[in-house]
**Student:** 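Here it is, the structure in full.
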Amino acid sequence: MAALKDAPADARRRRFIVAVSRAAMAAGLLGGYGVFGSVLGRFLYPTGDSGTVWQFVASINRLAVGESLIYTTPAGAEVHVTRRDDTGASEDFTALSNVCPHLGCQVHWQPQHGRYFCPCHNGVFDREGLGVSGPPEGMVLSGYPIEVRDGMVFIKVEATPLVVPERGS
Ligand code: FES
């Protein structure tokens, strides 16, 4: 007798559980398709800048006119950040790779001459990174976009992908 009385309550509970399960499943599917659509959209229509980031280098007061520092990017590239003027603008600075375009030796900033020098074959580059004598004459040091914001120097560099360590290693 009691089982017959409880039957409508059980049916309502069952319908409620089925409805909640369907709603949860629909929400999961919508979420999954949304993530998939987002990833697919970025794959089909990549933005040009997705692989670069602005990195803080130093306060502008860190470098006097004619001085240079070596900045190491997250990817390990070494960049000469050199100050050539004192207006406080982005144009005061250059950011140039320290890799010689001739055969890949490291170039050095020579403040006393206002130039970059490659000791491997006596290559000389002007302060803009143009090869002016030796084997790299006419070649250029690779440059990086540079910006001054609120008294701080930033350069735009390749982003470094996250490395996820394998389990057990
Ligand atoms: S590698 Fe720099 S001049 Fe040859």
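It should be emphasised that the depicted structure is a prediction, and the values quoted were computed from it without experimental measurement. We're numbering straight along the sequence, starting at 1. In each ligand, atom 1 is the first atom listed, and ligand 1 is the first ligand listed.
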**Student:** Using side-chain hydrogen bond (donor to acceptor under 3.5 Å, both in side chains), reason through Thr82 and Tyr116 one step at a time and then give a plain yes or no.
**Tutor:** CA-CA 10 Å; Thr82 308; Tyr116 298 93; 2.7 Å; yes
**Student:** Any idea which protein heavy atom is nearest atom 1 (S) of ligand 1, and the distance to it?
**Tutor:**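 Going by distance alone, atom 1 (S) of ligand 1 is nearest to Leu103 N, 3.3 Å.
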**Student:** If I consider every N, O or S atom in His121, which one ends up closest to atom 4 (Fe) of ligand 1? I only need its name.
**Tutor:**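 Looking at His121, the N, O or S atom with the least distance to atom 4 (Fe) of ligand 1 is ND1.
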**Student:** Does ligand 1 have any atom sitting under 4.0 Å from a heavy atom of Gly134?
**Tutor:** no
**Student:** So is Arg127 actually on top of Trp109's ring, under 6.0 Å and inside 45° of the axis?
**Tutor:**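 No cation-pi geometry.
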**Student:** Have a look at atom 2 (Fe) of ligand 1 and estimate, to 10 degrees, the angle subtended by SG (Cys118) and SG (Cys100).
**Tutor:**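 Centred on atom 2 (Fe) of ligand 1, the SG/SG angle is 110° (to 10°).
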**Student:** Between Cys120 and Cys105, is the SG-SG gap under 2.5 Å?
**Tutor:**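 Yes, Cys105 links to Cys120 through a disulfide.
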**Student:** When you measure from atom 4 (Fe) of ligand 1 to each N, O or S atom of His102, which atom gives the shortest distance?
**Tutor:**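 This residue's closest N, O or S atom turns out to be ND1.
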**Student:** Is it true that Glu128 and Arg84 have a side-chain N and a carboxylate O under 4.0 angstrom from each other?
**Tutor:**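 Salt bridge flag = yes for Arg84 with Glu128.
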**Student:** Would you please classify the geometry between the Phe154 ring and the Phe56 ring as parallel, tilted or perpendicular, with 30° and 60° separating the classes?
**Tutor:** perpendicular
**Student:** Going by the order shown, which atoms of ligand 1 are within less than 4.0 Å of some heavy atom of Cys105?
**Tutor:**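 Every atom of ligand 1 under 4.0 Å from some heavy atom of Cys105: 1 (S).
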